[in-house]
Amino acid sequence: MAARRKVAVVGVALSDCGRVDDATPYALHAQAARRALADAGLDRSLVDGFASAGLGTLAPIEVAEYLGLRPTWVDSTSVGGSTWEVMAAHAADAIAAGHARVVLLAYGSTARADVRAGRRTGTLSFGTRGPLQFEAPYGHTLIAKYAMAARRHMIEYGTTIEQLAEVAVQARANAALNPEAMFRTPVTVDDVLAGPMIADPFTKLHCCVRSDGGAAMLLAAEEYVRDCRTAPVWVLGSGEHISHSAMSEWPDFTVSPAAASGRLAFERAGVRPSEIDFAEIYDAFTYMTLVTLEDLGFCGKGEGGAFVEKGRLRVEGGELPVNTDGGGLSAQHPGMRGLFLLVEAVRQLRGECGDRQVRRVDGSLPRLTVASGTGGWFCSSGTVVLGAG
């Protein structure tokens, strides 16, 4: 059997993000893809793999056609917000096995602009087919599912609403350092608690923002790294896991699928959670951050509340900076945000983040990170461990 090739992330980029009223989702895909190629310094002709989801009748064929690509390896896996971590894992495996040389992951969404223009409503519905037919009649919305899980954690472990609010406060503190974040004005725990109730126990600031935006990432076989203009960020290990679709089939509301995907990713990378310098965690709601920190092994089960209330998630002075760009709670959240986690993780490892740059205790740049995406209502998880070159 031929030796497996090492795989590196060689280019990342965002499209215009936040409030983008004059672009289509296709245009945002293309803008992010062009910028990622420019970031890598690679010619488009080298791209023989493409992965995308969430757009078009024949995703990702329509997007590839729009970008002028004719890939010989393709992935359209769609598992919600964790899609991009799962796709990155699949792409890395394909490259390592010699089935592709350079794979482009791309995403774009005008979720905010579509609501403003009346092209869609503000309520996300996954329909009423399959297992959802047994929940939809009771008005069990997406946010209600997350709220129910959060309340279960509060009952089981004594987690407080103030502790959950701390996640939003610290995400906003990180966003204040990011000139591209949608919301940068600092908030307090009292501000979070005083907001309008969305789904008990979540007030407005417990919930992600709605934005437009796109992202792209290029993964390449190790022999192409020398041709790139950027320092490589190596894919060290990954894991994926699906948990449930119907809430009645979820064994424990206080355990996310990251408990399995994280364990696999760390084992395959040969590193421990204690070695991680910072983390990028999917945060459509504050509870997602808290429970994922537990399930990735940064603290014990039920200890997430105490862990986050100590300011540990902040770029400035935090022991484990989390969502260093401000996350989905403050920076941007154009639908399936998992690719944005990977872009920020790579930029941090390359030392390109300006005022929000993470530093180790000795002042050096970070060496290890983990990006963990969650899809659906804790239905799926993809976790990727990355290391600086």
Side-chain angles (χ1 to χ4, degrees), residues 1-15 29-52 60 63-77 83-107 214-238 265 268-270 280 338-353 365-371 382 384-389:
M1 180 181 293
R4 289 172 63 86
R5 297 184 291 185
K6 293 173 62 180
V7 180
V9 180
V10 296
V12 295
L14 301 182
S15 72
H29 277 80
Q31 188 180 59
R34 285 195 300 269
R35 291 175 179 178
L37 281 164
D39 183 58
L42 288 178
D43 189 88
R44 188 178 68 175
S45 63
L46 290 172
V47 177
D48 58 353
F50 181 64
S52 187
V63 180
E65 182 176 74
Y66 186 86
L67 299 179
L69 299 174
R70 296 293 184 269
T72 54
W73 181 91
V74 66
D75 188 5
S76 60
T77 299
T83 290
W84 309 101
E85 283 69 32
V86 172
M87 280 184 172
H90 294 177
D93 286 343
I95 294 169
H99 298 161
R101 58 193 179 199
V102 178
V103 175
L104 171 67
L105 276 63
Y107 176 68
M217 182 170 78
L218 281 168
L219 298 97
E222 57 185 310
E223 60 264 33
Y224 294 97
V225 166
R226 63 180 178 271
D227 299 322
C228 296
R229 59 174 296 274
T230 57
V233 169
W234 300 101
V235 179
L236 303 181
S238 63
R268 292 165 180 170
E280 305 297 339
L339 192 48
F340 292 76
L341 308 181
L342 292 163
V343 170
E344 177 69 9
V346 170
R347 286 176 167 176
Q348 285 284 350
L349 289 176
R350 297 194 317 203
E352 300 172 348
C353 291
L365 290 175
R367 302 293 299 171
L368 289 171
T369 189
V370 61
V384 180
V385 177
L386 300 172

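The structure presented is a predicted model; accordingly, all values stated were derived computationally and were not measured.
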Does the side chain of [Y] come within less than 4.5 Å of [X]'s, by heavy atoms?
X    : Y    : result
V225 : W234 : yes
Y224 : L46  : yes
L67  : L104 : yes
T369 : V233 : no
I95  : V235 : no
V346 : E352 : no

Mind checking what makes side-chain contact (heavy atoms from CB on, under 4.5 Å) contact with R229, not counting sequence neighbours?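 Counting only residues at least two positions away or on another chain, R229 forms a side-chain contact (heavy atoms from CB on, under 4.5 Å) with D39.
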From V9, V103, V12, V102, residue fulfilling side chain to side chain contact (heavy atoms under 4.5 Å, CB included) relative to L218: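 So, applying the side chain to side chain contact (heavy atoms under 4.5 Å, CB included) to L218 and each of V9, V103, V12, V102, only V102 qualifies.
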Could you state the interatomic distance from [atom1] ([X]) to [atom2] ([Y]), rounded to the nearest 0.5 Å?
X    : Y    : atom1 : atom2 : answer
D43  : D227 : CG    : CG    : 11.0 Å
L105 : E85  : CG    : CD    : 9.5 Å
F50  : R70  : CZ    : CZ    : 11.5 Å
R347 : T230 : CZ    : OG1   : 12.0 Å
S15  : R34  : OG    : CZ    : 10.0 Å
L386 : L236 : CG    : CG    : 7.0 Å

I'd like to know if the side chain of D48 and the backbone of R101 have a donor-acceptor N/O pair within less than 3.5 Å.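 Pair found, side chain donor or acceptor close to backbone of R101.
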Please list, chain by chain and in numerical order, all residues satisfying salt bridge (charged side-chain N to carboxylate O under 4.0 Å, His left out) with E344, sequence neighbours excluded.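 Only R356 meet the salt bridge (charged side-chain N to carboxylate O under 4.0 Å, His left out) criterion with E344.
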Minimum heavy-atom separation for [X] and [Y], please, with both atom names.
X    : Y   : result
R44  : L69 : CG-CD2, 3.7 Å
W73  : A94 : NE1-CB, 3.3 Å
V7   : A96 : CG2-N, 3.8 Å
A106 : S52 : O-OG, 2.9 Å
L219 : A88 : CD2-O, 4.1 Å
A64  : P71 : CB-CD, 4.3 Å

Please evaluate residues H99 and D93 with respect to the criterion side chain to side chain contact (heavy atoms under 4.5 Å, CB included), reporting the C-alpha separation (whole Å), side-chain torsions for both, the decisive distance (0.1 Å), and the verdict. CA-CA 9 Å; H99 298 161; D93 286 343; over 6 Å; no
